[in-house]
Amino acid sequence: MTVSNGKVTTVKLKEMKKKGEKITILTCYDYSTAKMLDEVGIEVLLVGDSLGMVMLGYDSTIPVTMDEMIIYTRAVSRGTKKALVIGDMPFMSYHVSVSESVRNAGRFLQEAGANAVKLEGGREIACTVKAINDAGIPVMGHLGLTPQSVNKLGGYRIQGTDEDAARIILNNALALQDAGAFAIVLECIPAPLAKMLTEKIDIPTIGIGAGIGCDGQVLVLHDVLGLYSDLSPKFVKRYASLRLKIIEAVSQYKLEVKSGLFPGAEHSFEMDEKTLGKLC
Ligand code: KIV
């Protein structure tokens, strides 16, 4: 059995890879949005630590804490019936010791209702991935441009362009697969490398700036909807310009309040004149 109560499972994602059925993933950070994405049938909602930038206004994902991730993940879980919910482990929550990493990963399931966690890194975190997976917590890997390492990488730039760097990414993918990861995000690497890697490993690859050859795609929802304007990576496709729509709507609200047009009679509650008269 691969799907229970219509809920997407990690087993179902592996089956989708086998069948060549593309996997859709979007980031999600709140209850109301989770309900919409779930209704559409997006298979995986990723509560990415990108929320630090698009929701909390940090200039990177590094300041994001476990407690912040738990609050947002809990909200998404409440709004989700079918999609697999993945909590993104924030910077320093899986670097100090294996036991602390397992405990933090467990919080996503126990306190926040997530179904899996995501960690950035390759061979160097393979032991941690194995320990978390052994504790019954499915793990998604993340290779290529790993934003928590932005200081080491020297900026948000394409990875794996020369032979050595590409080989490291390939070896890291194999290490994550061996450690029990159920899928791997490939961020900002050349499309031919992602395609080759996707054909070499058995678990699904999820691309973001990694071309068409991956088993699935993920994007930050705020980029897709045109809600976040601080950064605009080449790999983003904007499907709506909601920022403009919101500015338009809020400007109209302001205008109507200032001019006395809102609230109208249809938005107000009446009271019997006699009752009112008794008060005067
Ligand atoms: O934090 C995030 O949103 C992510 C995705 C971009 C993969 O890690």
Side-chain angles (χ1 to χ4, degrees), residues 13 23-30 33-34 37 42-66 68-73 75-76 83-94 104-105 108 112 114 116-122 125 129 138-150 153 155-160 169 172-173 176 181-189 194 197-198 203-211 214-225 227-228 230-239:
L13 298 181
I23 299 165
T24 53
I25 305 187
L26 283 170
T27 62
C28 186
Y29 317 113
D30 68 279
T33 309
L37 302 188
I42 298 294
E43 282 97 7
V44 179
L45 306 191
L46 170 65
V47 189
D49 63 355
S50 50
L51 68 81
M53 297 172 79
V54 304
M55 299 294 288
L56 300 173
Y58 300 145
D59 63 1
S60 76
T61 57
I62 289 172
V64 178
T65 65
M66 269 303 297
E68 286 166 341
M69 290 305 302
I70 293 294
I71 290 171
Y72 287 96
T73 305
V76 170
L84 187 89
V85 175
I86 303 181
D88 207 2
M89 295 194 67
F91 183 60
M92 277 298 128
S93 67
Y94 54 97
N104 280 329
F108 277 99
V117 295
K118 176 169 84 59
L119 277 69
E120 294 182 6
I125 59 155
V129 170
V139 180
M140 172 182 257
H142 185 157
L143 295 172
L145 170 53
T146 45
Q148 291 172 13
S149 303
V150 63
L153 300 176
Y156 299 103
R157 55 173 68 169
I158 186 161
Q159 302 295 309
I169 292 174
N172 279 335
L176 289 174
F182 71 86
I184 303 175
V185 169
L186 300 174
E187 181 163 352
C188 213
I189 65 171
L197 203 154
T198 299
I203 56 177
T205 59
I206 308 297
I208 172 163
C214 298
D215 298 306
Q217 297 292 326
V218 60
L219 282 175
V220 171
L221 187 68
H222 284 57
D223 292 335
V224 170
L225 299 180
L227 280 168
Y228 183 72
D230 295 7
L231 282 177
S232 182
K234 169 185 160 83
F235 56 72
V236 166
K237 180 166 180 185
R238 186 173 284 183
Y239 287 83

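Numbering of ligands and ligand atoms starts at 1, following listing order.
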Run the numbers for me: atoms of ligand 1, each under 4.0 Å from some heavy atom of Gly48, listed by number.
-> 1 (O), 2 (C), 3 (O)
Which of the ligand 1 atoms, numbered from 1, are nearer than 4.0 Å to a heavy atom of Thr27 = 3 (O)
Keeping the roles fixed (side chain from [X], backbone from [Y]), state whether a donor-acceptor pair exists under 3.5 Å.
X: Thr33; Y: Asp30; value: no
X: Gln217; Y: Gly211; value: yes
X: Asp88; Y: Val47; value: no
X: Tyr94; Y: Glu120; value: yes
X: Gln159; Y: Ile189; value: no
X: Gln148; Y: Gly121; value: no

Between Asp88 and ligand 1, find which residue part has any heavy-atom pair under 4.0 Å and reply side chain, backbone, both or neither.
-> side chain
What do we get for His142 next to ligand 1 when only non-hydrogen atoms under 4.0 Å count, side chain, backbone, both or neither?
-> side chain
May I ask you to identify the nearest protein heavy atom to [atom], giving residue, atom name and distance to one decimal place in Å?
atom: atom 6 (C) of ligand 1; value: Ile208 CD1, 3.6 Å
atom: atom 8 (O) of ligand 1; value: Lys118 NZ, 3.0 Å
atom: atom 4 (C) of ligand 1; value: Leu46 CD2, 3.8 Å
atom: atom 3 (O) of ligand 1; value: Ser50 OG, 2.5 Å

Would one find an N or O of Asp49, backbone or side chain, under 3.5 Å from an N or O of ligand 1?
-> yes
N/O separation below 3.5 Å, Glu187 to ligand 1 = no
When rounded to the nearest 0.5 angstrom, what distance separates CD1 in Ile42 from CG in Leu26?
-> 4.5 Å
